[in-house]
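When a ligand or atom number is given, it counts from 1 through the structure's own listing order.
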Amino acid sequence: MRAYRFDRFGLEHLRQETLEPPVPGPGEVLLDVQAISLNFRDLLVIKGLYNPRLELPAIPLSDGAGDIVAIGDGVDRVRVGDRVMSHFVSGWIDGPFHTRYAGTTLGLPRAGLAAEQVTLPAEAVVPLPVGYDFTQAATLPIAALTAWSALVTKGSVQPGQTVLTLGTGGVSIFALQLAKALGATVIITSSSAEKLARARELGADYTINYRQTPEWDKAVLEITGNAGVDVTVETVGAATLNRSLAAMRGGGTVALLGALAGLEGKINVGLILMKELLVAGILTGSRVAFEALREFVGEHSLRPVIDRRFPFDGLPAALRYMESGRHFGKIVVERQ
Ligand SMILES: NC(=O)c1ccc[n+]([C@@H]2O[C@H](COP(=O)([O-])OP(=O)(O)OC[C@H]3O[C@@H](n4cnc5c(N)ncnc54)[C@H](OP(=O)(O)O)[C@@H]3O)[C@@H](O)[C@H]2O)c1
């Protein structure tokens, strides 16, 4: 089978190889991967910024969809022929997060999905949503579930509330689509006027260009009549957190999930306590949350925004395209 591995950190070391297909062990399934989608995390993993001690060579990527073509001993949850998506935090099935689940994520420390066939725990797959093809389904496991966890699990967004989401990458565009489907008013930021126009076409109520308006938190307060937003989907992290805190209403929730601009920064604790804010860390979500998201996108006929599709041979080019930041929504690599 074809697979991508890197034996040293850096995109330039990512190579396509021919490997023996893996064999599913007890409790595992063999997935014939039809489509994979890219996440910002993949770049961090391949560059050695996520875990510099990662054992190499490693197969990257974490999101995929395909058919189950074999099952290991003791598997009765799924069958050969099922069309499924991977579940990223493979050990987190339900209930609150536990730190031991962090060691079960796909594409580090578990093997990734940049291969024609991969083994996955049978517990860590979810059927495709109704009406979805493999390419669409491959976009959901990380970006859509993370947006769902921010808005629903942590944010408890209600119709009529206001959501702020930062940038127009994979997570943020899902946050826009899901928040609109939940009946919220959405404010979205971007560095690009063209991307903001596309966000308006998707239903964004207010848009702010964070390059032209560096004090975008003030613009958010102005839009909301000084009230602030109910939930912020914080995709950037340390560099923007203080402005996100400033843009909140009292008692609101900042769903903190981003690492686009580093993990450390000076935080204005005063804003958190004086406004009684909830700052909620997000690690994607549980399988049960993923199943709820799957139902929701089916019921609301919500379809992912796929910016570009690349062939399997084009994975390095797809990752470079993601690195350029030119995309809007998701980038997918299709098996051909
Ligand atoms: N914790 C979790 O479970 C989890 C899950 C998924 C993703 N994440 C994290 O969430 C972030 C987004 O991931 P992704 O896959 O959606 O990335 P992505 O598709 O690469 O999106 C990146 C986009 O973020 C925007 N951006 C960059 N700097 C910004 C800034 N200073 N202010 C506002 N927007 C900015 C840009 O949008 P414009 O081009 O419109 O300016 C850029 O295109 C990453 O840090 C990723 O690691 C975390």
Side-chain angles (χ1 to χ4, degrees), residues 37-47 49-50 61-63 87-89 92 97 101-102 105-108 139-151 153-154 164-177 187-200 202 204 207-217 219-220 232-244 247 254-263 265 279-286 289-290 304-308 318-332:
S37 87
L38 272 53
N39 293 285
F40 186 75
R41 174 185 194 274
D42 304 325
L43 288 172
L44 299 178
V45 168
I46 295 167
K47 291 178 179 180
L49 302 172
Y50 204 94
L61 270 75
S62 309
D63 270 0
H87 167 52
F88 173 60
V89 191
W92 186 11
F97 181 75
Y101 300 146
T105 54
L106 307 181
L108 182 162
T139 66
L140 298 184
I142 290 186
L145 179 54
T146 301
W148 176 262
S149 297
L151 298 170
T153 314
K154 303 285 187 181
L164 167 66
T165 186
L166 305 184
T168 58
V171 175
S172 193
I173 292 303
F174 271 123
L176 162 61
Q177 292 178 288
I187 305 171
I188 189 166
T189 70
S190 175
S191 55
S192 150
E194 191 200 328
K195 289 182 177 182
L196 289 175
R198 290 178 70 185
R200 282 193 291 277
L202 284 173
T207 57
I208 304 170
N209 187 318
Y210 64 83
R211 287 257 164 82
Q212 288 170 0
T213 311
E215 296 191 334
W216 47 266
D217 48 324
V220 172
T232 290
V233 182
E234 225 319 340
T235 60
V236 182
T240 48
L241 184 56
N242 284 336
R243 291 200 187 280
S244 293
V254 178
L256 184 55
L257 57 99
L260 282 169
L263 292 173
V279 178
I282 305 268
L283 187 67
T284 311
S286 70
F290 193 7
V305 176
I306 297 174
D307 177 279
R308 258 178 90 172
L319 286 160
R320 284 203 182 87
Y321 179 61
M322 168 168 249
E323 195 178 30
S324 77
R326 294 204 306 276
H327 61 289
F328 178 93
K330 292 295 291 179
I331 302 164
V332 183

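- For Y50, the side chain to side chain contact (heavy atoms under 4.5 Å, CB included) partners are R41, L44, V45, L108, not counting sequence neighbours.
- Ligand 1 places these atoms under 4.0 Å from at least one heavy atom of L257: 1 (N), 2 (C), 4 (C), 8 (N), 9 (C), 10 (O), 48 (C).
- Taking any N or O of G258, backbone or side chain, none lies under 3.5 Å from an N or O belonging to ligand 1.
- Residue contact check: M322 has heavy atoms under 4.0 Å from atoms 19 (O), 20 (O) of ligand 1.
- Side-chain contact between S62 and T105 is absent, with no heavy atoms from C-beta onward closer than 4.5 Å.
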side-chain contact (heavy atoms from CB on, under 4.5 Å) assessment of T235 paired with T240: CA-CA 9 Å; T235 60; T240 48; over 6 Å; no
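- V236 CG1, 3.8 Å is the protein heavy atom nearest to atom 31 (N) of ligand 1.
- Inter-residue side-chain proximity for S172 and F328 is flagged as unmet; no heavy-atom pair is nearer than 4.5 Å.
- Two residues are said to be in side-chain contact when any heavy atoms from C-beta on lie closer than 4.5 Å; Q177 and V305 meet this criterion.
- Taking atom 7 (C) of ligand 1 as the reference point, the nearest protein heavy-atom neighbour is V171 CG2, 3.6 Å.
- Closest protein heavy atom to atom 39 (O) of ligand 1: K195 NZ, 2.8 Å.
- If you check which protein heavy atom lies closest to atom 18 (P) of ligand 1, you get H327 NE2, 3.4 Å.
- I282 O, 2.7 Å is the protein heavy atom nearest to atom 1 (N) of ligand 1.
- For A259, the closest heavy-atom approach to ligand 1 falls below 4.0 Å.
- Of the N or O atoms in Y210, one or more lie within a sub-3.5 Å distance of an N or O in ligand 1.
- Residues F174 and L145 fail the side-chain proximity criterion, which asks for heavy atoms closer than 4.5 Å.
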Residue pair I331, Y321: steps toward the side-chain contact (heavy atoms from CB on, under 4.5 Å) verdict: CA-CA 9 Å; I331 302 164; Y321 179 61; 3.6 Å; yes
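- The shortest N/O to N/O separation between L166 and ligand 1 does not fall below 3.5 Å.
- Between S172 and ligand 1, not a single N/O pair is under 3.5 Å apart.
- Annotation for ligand 1: atoms under 4.0 Å from non-hydrogen atoms of G167 are 25 (C), 33 (C), 34 (N), 37 (O), 40 (O).
- Distance screen at 4.0 Å: atom 29 (C) of ligand 1 has a protein heavy-atom neighbour inside the cut-off.
- A 4.5 Å side-chain heavy-atom check between S244 and L166 finds at least one atom pair inside the cut-off.
- The shortest distance between side-chain heavy atoms of L43 and L38 does not fall below 4.5 Å.
- Regarding atom 15 (O) of ligand 1, its nearest protein heavy-atom neighbour is F40 N, 3.2 Å.
- Of the polar atoms of T284, at least one N or O is found under 3.5 Å from an N or O of ligand 1, judged by distance alone.
- Contact annotation: the side chain of R198 approaches that of D307 to within less than 4.5 Å [non-hydrogen atoms, C-beta and beyond].
- The contact set between ligand 1 and T168, taken as ligand atoms under 4.0 Å from a residue heavy atom, comprises 37 (O), 38 (P), 39 (O), 40 (O).
- Of all the atoms in ligand 1, the ones that sit under 4.0 Å from a non-hydrogen atom of L283 are 3 (O).
- At the top of the distance list for atom 11 (C) of ligand 1, counting protein heavy atoms only, stands T235 O, 3.2 Å.
- Taking every heavy atom of S190 and a limit of under 4.0 angstrom, the matching atoms of ligand 1 come to 38 (P), 40 (O), 41 (O).
- For the side chain to side chain contact (heavy atoms under 4.5 Å, CB included) with L256, the lone residue among I282, L241, V236, V233 that qualifies is L241.
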S37/T139 under side-chain hydrogen bond (donor to acceptor under 3.5 Å, both in side chains): CA gap, chis, key distance, verdict: CA-CA 5 Å; S37 87; T139 66; 5.9 Å; no
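- Atoms of ligand 1 lying under 4.0 Å from at least one heavy atom of I142, given by number and element, are 5 (C), 6 (C).
- Annotation for ligand 1: atoms under 4.0 Å from non-hydrogen atoms of S191 are 38 (P), 39 (O), 40 (O), 41 (O).
- For ligand 1, the polar-atom distance check against L44 finds no nitrogen or oxygen pair separated by under 3.5 Å.
- Shortest contact from atom 24 (O) of ligand 1 to any protein heavy atom: L260 CD1, 3.2 Å.
- The aromatic rings of H87 and F290 sit tilted, their planes meeting at an angle between 30° and 60°.
- Looking only at side-chain heavy atoms (C-beta outward), K330 and N39 come within less than 4.5 Å of each other.
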